[in-house]
Amino acid sequence: MKTRLLTEQDIDAAAAILRNGGLLGIPTETVYGLGADGLNAAAVRRIFTAKGRPQDNPLILHVPGASWLDLYCRSIPSAAYALAEAFWPGPLTMILRRREHVPNVVTCGLNTVGVRCPKHPVTLEIIRAANVPVAAPSGNLSGRPSPTCAAHMMEDMDGRIDAIVDGGPCGVGVESTIIDLTAQPPRLLRPGGLPLEALRDVLGEVSVDKAVLSPLAPGEKPKAPGMKYRHYAPKAPVMVVAGESRRTARYIRRHLGDHTGVICFDEYKNMFPGCVVETIGPAGDPEEQARRVFDALRAFDGTDAAEIFAQCPANAGLGLAVANRLKKAAGFHVVEAVDVGGDGL
Ligand code: AMP
Ligand code: MG
């Protein structure tokens, strides 16, 4: 199959691919998604094949607004409408009880479904033109960093899907925040483009699923099935170095080998001579780090880096999502930087 690259003008062609049961790369504000008609089980099954995605990892339904919630969900709490009013279109996925006619292949047999309204004018137009909910996970091969531009999605999906709509680079850069509204209190299943603090402003108490911050014990089942897989990984192993940023930079410098890659904040980029260095933005700017973290992880694949050290932001604001993606890329190999005294910083 030849994968076509469509432009923002090709709305009708893109909608036709969805309506005919094809696979379409869609731009969103978070990352590029791999979409299919969410009511067409055969089409949705092809998403799993194209990505090499495990069969027990459900997909998110993308809709053009809160008025579609009632079509696919039941027993919808008022909190869902309050969140949609505050944050849709935007990087928030809500887990709600599903209606029977949502295909099992979308939810992987769960009695809940994830629903989101993406904030990208082209994709909203495509969904409206197709007039179907679009089931879409991120548009990467399973296990790889999520794509934040059409070229990165083409790298992974060329020959596997019908087309990709080039809608420019993603403004947020990490996937949506997932909140489970069937839990009491509501529970954060995945940190993402909408900060936890913003959810708490609307909902009051929000609990945080254990899988967000720590690895699962063998056999333990997370509420968001996707959280149990190694994710976002470049080919070389990653080690996250946690702690205050000057301290982590010094730690990494002390541990450099012959083929070391470094993911660091802009301020420290000159501290690692001879290394492959990818910066992700200033230490105090987690929004910029979110935009760049997947590109940085992807960039090492064409290099001779045999191991990668990563500086990691604190868990506030979008830092929670950036730290989570880095730790998952590292398979939760995290070391706390201990300060052994200054060496020039
Ligand atoms: P992706 O955006 O590629 O990471 O894939 C969608 C994510 O949403 C995965 O991590 C899924 O585990 C999660 N997800 C989708 N539907 C549900 C659901 N009904 N309950 C919990 N998590 C879900
Ligand atoms: Mg994904």
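Quick caveat, the model's predicted, so the values are computed rather than measured. All ligand and atom numbering here is 1-based and tracks the order in the structure.
Ion pairing of Arg291 with Glu288 is present here, as a side-chain N (NZ or NE/NH1/NH2) and a carboxylate O approach within less than 4.0 Å. In this structure, Glu220 pairs ionically with Lys210, as a charged nitrogen and a carboxylate oxygen lie closer than 4.0 Å. The pair Asp166-Arg4 fails the salt-bridge criterion, with no side-chain N (NZ, NE, NH1 or NH2) lying under 4.0 Å from an Asp/Glu carboxylate O. Taking the charged nitrogens against the carboxylate oxygens, Arg74 and Glu100 have no contact shorter than 4.0 Å, which rules out a salt bridge. The residues Asp37 and Arg19 are annotated as not salt-bridged, no charged nitrogen and carboxylate oxygen being separated by less than 4.0 angstrom. A salt bridge links Asp209 to Arg187: at least one charged side-chain nitrogen sits closer than 4.0 Å to a carboxylate oxygen. In summary, Asp266 and Arg292 engage in a salt bridge, as defined by a charged side-chain N under 4.0 Å from a carboxylate O.
Atom 18 (C) of ligand 1 has its closest protein heavy atom at Ile95 CD1, 3.5 Å. In terms of protein heavy-atom proximity, atom 10 (O) of ligand 1 is closest to Gly226 CA, 3.5 Å. Among protein heavy atoms, atom 21 (C) of ligand 1 sits closest to Lys223 O, 3.3 Å.
Of the listed options Met94, Arg190, Arg97, Arg190 places a heavy atom closest to atom 4 (O) of ligand 1.
Numbered from 1 in the order shown, with element, the atoms of ligand 1 that lie under 4.0 Å from a heavy atom of Thr112 read 18 (C), 19 (N), 20 (N). If you number the atoms of ligand 1 from 1 as listed, the ones under 4.0 Å from a heavy atom of Pro137 come out as 3 (O). Each of the following atoms of ligand 1 lies closer than 4.0 Å to a heavy atom of Ser138: 1 (P), 2 (O), 3 (O). Of all the atoms in ligand 1, the ones that sit under 4.0 Å from a non-hydrogen atom of Ile60 are 6 (C), 8 (O). In summary, the atoms of ligand 1 found under 4.0 Å from a heavy atom of Leu110, numbered by their order in the structure, are 18 (C), 19 (N), 20 (N). Here is the list of ligand 1 atoms found below 4.0 Å of a heavy atom in Ile178: 7 (C), 8 (O), 13 (C). Within ligand 1, the atoms closer than 4.0 Å to a non-hydrogen atom of Pro58 are 6 (C), 11 (C), 12 (O), 14 (N), 15 (C), 16 (N), 17 (C), 23 (C), numbered from 1 in the order shown.
Side-chain contact check for Ser245 and Glu267: no donor-acceptor pair (N or O, by modelled atom type) lies under 3.5 Å.
Closest heavy-atom contact between Arg53 and Pro137: NH1-CB, 3.4 Å.
Of the N or O atoms in Asn57, one or more lie within a sub-3.5 Å distance of an N or O in ligand 1.
Between the Mg ion (ligand 2) and Asn140 there is no N/O/S contact shorter than 2.8 Å.
Ring geometry for His255 against Phe309 counts as tilted: the plane angle lies between 30° and 60°, on a 0 to 90° scale.
Only the backbone of Leu59 comes within 4.0 Å of ligand 1, judged by heavy-atom distances. Only side-chain heavy atoms of Arg53 come within less than 4.0 Å of ligand 1; its backbone N, CA, C and O stay farther off. At a heavy-atom distance under 4.0 Å, no atom of Thr93 approaches ligand 1. Here Arg98 has no heavy atoms under 4.0 Å from ligand 1, in either its backbone or its side chain.
Within the structure, the closest approach of Thr107 to ligand 1 does not fall below 4.0 Å when heavy atoms are considered.
Side-chain heavy atoms closer than 4.5 Å link hydrophobic residues (I, L, V, M, F, W, Y) into clusters, and following such links, possibly through other members, connects Val31 to Leu297.
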